[in-house]
Amino acid sequence: MFSYRHAFHAGNHADVLKHTVLIATLSHLLEKDTALTVVDTHAGAGLYRLDGDYAGTSGEAAEGVLRLLAPGGKATAKTAAKTAAKTTAKAATKPAADAPLAPALADYLALIGDFNPQGGARIYPGSPFIVQHLLREHDKLKLFELHPTDARTLDANIAQLEAGRQIAVLREDGFGSATKFLPPPSRRALVLCDPSYEIKSDYARVLDFVAEALKRFATGTYAIWYPIIPRPEAHDLPRRLKTMATKAGKPWLHATLTVKSSKIVTDAATGTSHRPGLPASGMFLINPPFTLKPLLAEALPQMAERLAQDRNATFSLDAGG
Ligand code: SAM
């Protein structure tokens with residue numbers, strides 16, 4: 001328990017998928033004036049240094065967000081808006097490495113650019129800072145983090161924002177406690193559930209959490225990230241979430257991004273075998289904004305192409321309800 005530290009993985013392909021979906025979803029929800037509450041059940045440390053010891057050790061960002069940045073790596077809101085405006089339907093159906101970026105990816109890179117005014121992506125915002133960056137004064141953010149070190153870092157990072165009562169950091173079990181904020185007084189909420197799945201029981205706890213949350217607040221928007229790995233619980237999770245949404249009569253959306261094969265690799269020289277790092281991940285949403293599917297239909301082919309690590313790179317996008 002608690003060997004997972006998100007700092008090793010910040011900015012990897014799974015973060016690209018998760019944070020692109022998060023930004024597109026939140027941007028739509030913020031178009032309405034009524035206050036929104038965002039609940040982040042597994043918040044992490046909030047901010048990461050991609051040139052720091054942790055990120056440097058795994059180098060996962062190099063195969064993730066850093067690949068999306070142009071050489072020289074500057075992606076400001078301005079350049080992203082320009083590339084987004086140029087995006088054509090043709091580019092979306094047949095992405096090329098030099099094609100203009102899809103609007104959802106452009107928005108993602110623009111936000112990363114806002115944290116890195118000098119260019120590149122030395123600073124990588126985790127979900128708490130991505131959300132806080134987009135929220136308006138009357139919106140609320142509830143952050144759950146249990147790891148003692150990450151909770152302390154998150155506390156310190158959030159304190160610098162001087163956001164007062166807008167943001168609450170809770171050193172509590174996100175699965176067990178986050179539903180206490182549902183429904184929020186304004187009856188508008190986005191719940192991000194992004195566990196580390198370092199223990200097998202996390203998969204069942206996600207299902208219990210979503211079932212309880214839907215019971216309390218059926219009209220909330222729920223976004224669940226999960227790893228696609230060869231393990232029955234991971235395979236079953238989206239199927240069970242789909243059943244849950246369908247039984248509740250709620251619309252859902254399921255997006256996946258694969259960057260490489262999950263097959264065990266054998267080193268020809270040494271004969272040693274090892275599992276590749278995370279090959280794929282998915283985002284499952286209940287009550288997604290209607291704008292999300294067309295945005296992802298443009299962005300996912302580009303993610304698969306630009307983040308591919310071998311010929312197995314692909315994506316899927318499915319919705320119902
Ligand atoms: N959501 C973050 C982001 O996108 O930047 C990344 C979160 S990371 C995948 C999962 C985090 O959940 C880790 O920091 C871990 O310490 C924390 N965690 C694990 N079990 C938890 C629990 N039961 N409640 C709250 N946090 C937990």
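Counting starts at 1 for both ligands and their atoms, following the listed order.
Scored by the side-chain contact (heavy atoms from CB on, under 4.5 Å) test, Pro238 finds Tyr226, His254, Phe284 as partners (sequence neighbours excluded).
Ligand 1 has an N or O atom lying under 3.5 Å from an N or O atom of Asp173, backbone or side chain. Between Lys18 and ligand 1, an N or O atom pair is found at a separation short of 3.5 Å. At a 3.5 angstrom cut-off on N or O pairs, Asp194 counts as close to ligand 1. Polar contact with ligand 1: present for Gly174 (N/O pair, distance under 3.5 Å).
For Glu198, the closest heavy-atom approach to ligand 1 does not fall below 4.0 Å.
For residues 289-321, the pairs satisfying ring pair (Phe, Tyr, Trp, His ring centres under 6.0 Å) are His28-Phe290, with sequence neighbours left out.
Which of Glu145, His42, His147 comes nearest to atom 13 (C) of ligand 1 through a heavy atom is settled by distance: it is Glu145.
Short contacts between ligand 1 and Ala43, defined as distances under 4.0 Å to a heavy atom of the residue, involve ligand atoms 1 (N), 2 (C).
Proximity of Leu146 to ligand 1, defined as any heavy-atom pair under 4.0 Å, is shared by backbone and side chain alike. Neither the backbone nor the side chain of His9 comes within 4.0 Å of ligand 1, counting heavy atoms alone.
In this model, a donor atom of one side chain and an acceptor atom of the other lie less than 3.5 Å apart for Thr256 and Ser316.
Shown here is Arg136, whose CZ atom has more than 12 heavy atoms of other residues, nucleotides or ligands within 6.0 Å.
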Task: Test ring pair (Phe, Tyr, Trp, His ring centres under 6.0 Å) applied to Phe129 and His19, step by step - done: CA-CA 11 Å; Phe129 273 71; His19 294 154; over 10 Å; no
